[in-house]
Peer 1: 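Got a structure for you, questions after.
Heavy-atom basis, side chains included; hydrogens, waters and symmetry copies ignored.
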Amino acid sequence: MAESDWDTVTVLRKKGSAAQSKSKQAITAAQRKGEEVETSKKWAAGQNKQHVVTKNTAKLDRETEELSHQRVPLEVGKVIQQGRQNKGLTQKDLATKINEKPQIIAEYEAGKAIPNNQIMGKIERAIGLKLRGREIGQPLDAGPNKK
C-alpha cells in the first residue's frame with residue numbers, strides 16, 4: 001500500500017436539546033460561563049387567553065338593552081300595496097319594473113324589510129306615491145311646494 005494521508009478530524013459534541021437549554025440549570029450554567037443568554041417572555045404562553053374575562057366582557061354581560069334594526073312601517077307597506085293595486089300590478093310586475101326581486105316587494109308590504117332609500121325611491125316612482133317624509137301616500141307630483 002502506498003502512503004496514506006491522515007488528516008486531523010475534529011469532532012464537535014452536540015449541543016444540548018432544546019429542553020435542556022430551557023431549563024433553569026442550563027441557563028444559570030451558561031450565565032456562569034459568560035455565554036450570551038437571551039430570554040424573552042412569550043405573550044400568553046401556555047395559557048388559553050382567548051377566553052379571559054375583561055372589563056368590556058363584564059360590561060357587555062350586564063347590558064340588557066335589546067337592539068334591533070328599524071323596519072318599514074306597516075303604513076308604508078299598505079301604501080305600497082294600494083298604489084300597486086291601483087296601477088294593476090302584481091308584486092312580481094312591480095319588482096320587475098324596479099329591477100328587484102318579488103320577495104323584496106313582499107317584505108316591504110309586510111313591514112318586515114329594513115328600509116333602503118334607493119329601493120323606496122324606485123317604488124315611489126313606479127307607483128307614483130310618496131313613501132318617505134310627512135306626506136306618505138300623497139301623489140309624487142303634488143307636494144307642499146308644487147302647484
Peer 1: Nearest 0.5 Å, please: how far is CD in Q91 from CD in E100?
Peer 2: 13.5 Å
Peer 1: Between R132 and E124, does any NZ, NE, NH1 or NH2 come within less than 4.0 Å of an OD or OE carboxylate oxygen?
Peer 2: yes
Peer 1: Can you tell me if CD on Q103 sees more than 12 non-hydrogen neighbours from other groups inside 6.0 Å?
Peer 2: no
Peer 1: Could you check if a side-chain atom of I105 sits within less than 4.5 angstrom of a side-chain atom of I123, using non-hydrogen atoms only?
Peer 2: yes
Peer 1: Which residue pairs pass the salt bridge (charged side-chain N to carboxylate O under 4.0 Å, His left out) test when at least one of the two sits in residues 84-93, sequence neighbours left out?
Peer 2: R84-E109
Peer 1: In terms of hydrophobic clustering (I, L, V, M, F, W, Y; side-chain heavy atoms under 4.5 Å; direct or indirect links), are L94 and I136 co-clustered?
Peer 2: yes
Peer 1: Side-chain contact, heavy-atom cut-off 4.5 Å: V76 with M120?
Peer 2: yes
Peer 1: Less than 4.5 Å apart, side chain to side chain, heavy atoms only: is that true for N116 and Y108?
Peer 2: yes
Peer 1: Which one of I127, I98, I104 satisfies the side-chain contact (heavy atoms from CB on, under 4.5 Å) criterion with K122?
Peer 2: I98
Peer 1: Is there a side-chain contact between Q70 and I114, using heavy atoms and a 4.5 Å cut-off?
Peer 2: no
Peer 1: Please round to the nearest 0.5 Å and tell me the distance separating atom CD1 of I80 and atom CD of Q85.
Peer 2: 12.0 Å
